[in-house]
Structure formats: C-alpha cells, structure tokens
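First the structure, in the form of structure tokens, and then the observations on it.
Below, chains carry the letters A, B, ... as their sequence lines are ordered, and counting in each starts from 1. Since the structure is predicted, the reported quantities are computational estimates derived from the model, not experimental observations.
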2 protein chains.
Amino acid sequence: MPYSNLETRKFKNISIAELAFPAREGGYSKGHETREQILSAALHLLVEEGYGALTMRRIAAACGLRIGNLTYHFATREELIRALLDALIRAYEIEFDAILQFTDELPEERLAEVCGLILEDIRTKKTTHVFPELWALANHDRFVLERVQELYTRARRSLLDIVAEMRPDLDPQGRENLALFISASMEGLTVFAGYEKPFEGQMGELERIAIQSFLQIVKTYRRTQT
Amino acid sequence: MPYSNLETRKFKNISIAELAFPAREGGYSKGHETREQILSAALHLLVEEGYGALTMRRIAAACGLRIGNLTYHFATREELIRALLDALIRAYEIEFDAILQFTDELPEERLAEVCGLILEDIRTKKTTHVFPELWALANHDRFVLERVQELYTRARRSLLDIVAEMRPDLDPQGRENLALFISASMEGLTVFAGYEKPFEGQMGELERIAIQSFLQIVKTYRRTQT
DNA sequence: AATAAAGCTTGTCAAGTGTCCTAATTTGGA
DNA sequence: TCCAAATTAGGACACTTGACAAGCTTTATT
C-alpha cells in the first residue's frame, strides 16, 4: 500500500482528497506531518494565487515555517513542486480508479454517471484552478506532461469500458478515440463553466447536452476507413 | 481602423497573424518598430518557454535591446504584458470575425468548415502553448478573464448563427448552450491532440467524431423545461 | 539519563527581479 | 543646417529569489 491518507470516500458521491501523500517511511512522525503541511500549504497557494505564487518563501510563510526548515524537508524548489504535483495527481487517479467500480447494468447509465461526476468535479475551485496550470506546465515540462497524460489515461479507462460494451463491433482505435473525445469535451468545459466562470450556472443544461451528445455519438459512430 | 498589420488572409484557408498591433499614432516610425519587435519577441518567449519566462530582461535580450530602452517603451512589466495579450487575442478575434463571412448554403457544411478551421488552429504550436497559459492567468487576473471570454464570445458567434439556422424552434438560451458546448468540446482537444501532444496524430479521426457528434446534437437536442 | 538522529533556527550568499534616472545618440521636420 | 523631440544606452537602486551552512532544540529509544 504505497499511498494512503485519503479523507472521505462515498460511493457515487465521491469527494476527492486534496492530496494523496506518499506512504510515511523513516523519520519521526513530526517530520512527516510538516512535510504534509508544506504540500497542503503549497496546494492552497497554487489554487488561490496560481503557479507564480509558488516560491519557497511564500510556501514557508503559508504554513508558518522558516525557509531553512523548508529546505530541510525539500532541498530544492523543484523537488517540492514535483512532490506536490505527484500527490495532487495521485489523488485524482484514486478517484478515477474508484469510478471503475461502478456496477450499473446499462452502459448508458454508467456513462451518464461517470460524466456527471467528472462535470461535478470540474466545477470545484481546486480543479478549475489547478488543471489549467497543469496544462500550461505540461507544454514545457516533460515530467508534468507525462504525469498528466498518465492521469488522463486512467480517467479514460471507465469511458473506454463503456464504449467497448456499447460498441463491440468497433475497432479498438475507434473506441479509444471516442473515449478520448468524450473526455476532452468535458475538460474543455472547465474554462467556460468551471468555478466562478461565466457559464457556471449553465452547467446543468450543458451536462444534459454533453451526455445526450456522447450517447448518440457512441451509438452511431462509424469509423471511416483511411 | 484602430488595428492593422495583419499578414496574410486567404478565404477558407485562414492563417492567423501572430499579433494584431494597435494602430501607430505619434512618435517616429522607429519607435513603433521596436515596440512591435518587443511584443513579437515576448510572444516568441511565451510560446517557447511559457509565461514564467516573460521577464523584462529576457524579453529585452530576446530582441537585442537594453533594459533601459525596454522600460522606455513599456514603463512597467504589467503594461507590456497587457499589450502583448491584447495584441495576441485581437489577432484571434480578427480571424473569427473573418469566419463569419462564410457563405455556404447548408448550415451543416458551414459547421463542418468552422470546426475544421478551429481544430486546425488548435494543432499549431502557438495556440497549443498560448491558450493554456491564458486559461491559467484568467483564474487570477480579471483583465485576462474578461479579455479571453470576450474572444470566445466572438468565436461562438458563427456557431450560434449556424445553430439558429438549424434549430429555429429552440429558445435562445438553448442555442447559446449548444454553441458553447461545441466550442468548449473543441478547446478541450488542445490538451490531448494539440501540437506535439500524445494524440496529435489522431486529430483527423477526432475531427470526424467531433463534427458528426455536433451535427447530431444540434439536430436532435430538446431542451428540458426547468 | 544518555545519546544519536531528526527536526528546526538563524544568518548569509550570489543571482535575478522590476523600476528609475541621467546622459548620450538618433530622428525628422523647420 | 539646425534643433527639439524621440529614442537608446548604461548604470544604479531596493528588493526577492533559491540555496546553503553551522549550530541549536526536540524526539525516540536504550
């Protein structure tokens, strides 16, 4: 059990843990606690003020630490930020893995539920603020790019299962692309109907449009031979 | 004519000008030239290295200028960045306004063309790299948020016209949301199938999926009364 | 109580940041 | 040609940044 410390977890009403901290090993418990407080403070800073606010001093101040102490736990800023992004992304991965456990008989219902959860998550301040930062970072940092794409691979897993069940006739590449399109469609709504965005209030109808649209395209899509 | 200096413009094969510089007024022509070179260098830096690389010194170095000269043209960094983002966004707005001129008889064909152009643009390095930065900035800078949303309002305009023609029975709010969903869906693909992204090579099939899906949902969507 | 490891404080360092100021140089019209 | 305005150069300022080192305090274990 490499990772632990998740907070709550309710079936079909999943609340994402803020961060999934790596398993504690070695050192005193006090050290681990401050280590986790550092990452929590850094996440808070990232969400509230953006990536540019993630300086060693601001992170230290945000959790009442001296800079020297901060560099004791994370020798470099790079190391700290990697740990932060890893714990952050891992928390999402755990959520998506939980979604895989859905057991509705009809794939149509599962699709609606999965999309409902994702679109609900998109409206949270954390997700609305963090993911654009990740996308921007991914453009110039291979580590972030691979880590984010790994996350999305897991996120597509449940969509892929549903598509496969609904369309056993379709070849794997076509199914992959259908799941990818559905996932990307929802991610795109972040910028428009996410937390405090202009169309936040329209998310209800947008969700109906999205789900209806996704069901249709999955049912009817015919791959054209290239 | 407040803005000028666009480069090329071919009907239905639109290439976006890098930046749409504000009209020159007052001062020598040399001053305007360096001003534009500064913004071009800043854009290049933004695309190649991200927002974090936009420091006064790096921008100055990128166009062979001394910092003193840079601050003569743009007294503050804030002022420079605002000018950059404005010229950048304005270039996109000009493109979207041009799309409005499409005159195909069938709205279905216009939809396919508009989406084709947008998805083509998404695959460029500039768009793939710049927009995530804008989305991230918009979360903590009201100026950027409003400017970006203003851009998207124009981008949706052509989609809205098409939807209105295809669905005169639908109420305005429903049409707005359909256009919004279509626009957001395509934006979401940036992260997955944009420039040098993992599924860049799948953009062809993704485009077919998207257009087929958009046509279906526009044709069949029934707004549920709330 | 002793002790070694872990945790933390304090101070310092060079490098980088935005901004400002003064003096030189260039420009374009009179 | 000349000159005032526009532009450029160069340097300086106060401040922040990440990183480091030497010493002090706390912790857990024997």
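In terms of polar N and O atoms assigned as donor or acceptor, the side chain of A:Y28 comes within less than 3.5 Å of the base of D:dT27 in a complementary pairing. In the interface, the side chain of B:R57 is not paired with the base of C:dG16 through any donor and acceptor atom under 3.5 Å apart.
In this structure, the ring of B:F131 has its center less than 6.0 angstrom from the ring center of B:Y92.
Residue contacts shown for B:I67 include a base, since a base heavy atom lies under 4.0 Å away. Residue contacts shown for B:G68 include a base, since a base heavy atom lies under 4.0 Å away. At a threshold of 4.0 angstrom between heavy atoms, the contacts of A:R66 include nucleobase atoms, whether or not backbone atoms are also involved. Residue contacts for B:T71: at a heavy-atom cut-off of 4.0 Å it reaches a base atom on one of the strands shown.
In this model, the phosphate group of C:dG7 is approached by a side-chain N or O of A:Y72 to a distance below 4.0 Å at OP1 or OP2. Between A:H73 and the phosphate of C:dC8, there is a side-chain N or O to OP1/OP2 separation shorter than 4.0 Å. Side-chain nitrogen and oxygen atoms of B:K30 include at least one within less than 4.0 Å of the OP1 or OP2 phosphate oxygen of C:dT27. A sub-4.0 Å separation between OP1 or OP2 of D:dT7 and a side-chain N or O of B:N69 is absent.
Between A:F74 atom CZ and D:dC20 atom P the separation is 16 Å, expressed in whole Å. For the pair B:R77 CZ and C:dT19 P, the interatomic distance rounds to 8 Å; values are reported in whole Å. One atom, CD of A:E33, and another, C1' of D:dT27, lie 13 Å apart when rounded to the nearest Å. Between the CD atom of A:E78 and the P atom of D:dC20 there is a distance of 13 Å, rounded to whole Å. One can place CG of B:L70 at 11 Å from C1' of C:dT19, the figure rounded to the nearest angstrom. For the pair B:I38 CD1 and D:dT7 C1', the computed distance is 11 Å after rounding to whole Å. To the nearest angstrom, P of D:dT16 lies 18 Å from CE of B:M56. Atom CZ of B:R24 is separated from atom P of D:dT7 by 11 Å (rounded to the nearest Å).
Looking at heavy atoms from C-beta onward, A:R58 lies in side-chain contact with A:E49 at the 4.5 angstrom threshold.
Between the side chain of A:N177 and the backbone N or O of B:I209, no donor-acceptor pair lies under 3.5 Å. Of the possible donor and acceptor atoms, none in the side chain of B:T128 sits under 3.5 Å from a partner among the backbone N and O of B:K125.
Looking at A:S213 and B:S213, their side chains do bring a donor and an acceptor atom within 3.5 Å of each other.
Residue whose closest nucleotide on DNA chain C sits further toward the 5' end, between B:S29 and B:R58: B:R58.
Checking C:dG18, D:dT8, D:dG18 against every side-chain atom of B:T34, the shortest atom distance belongs to D:dT8.
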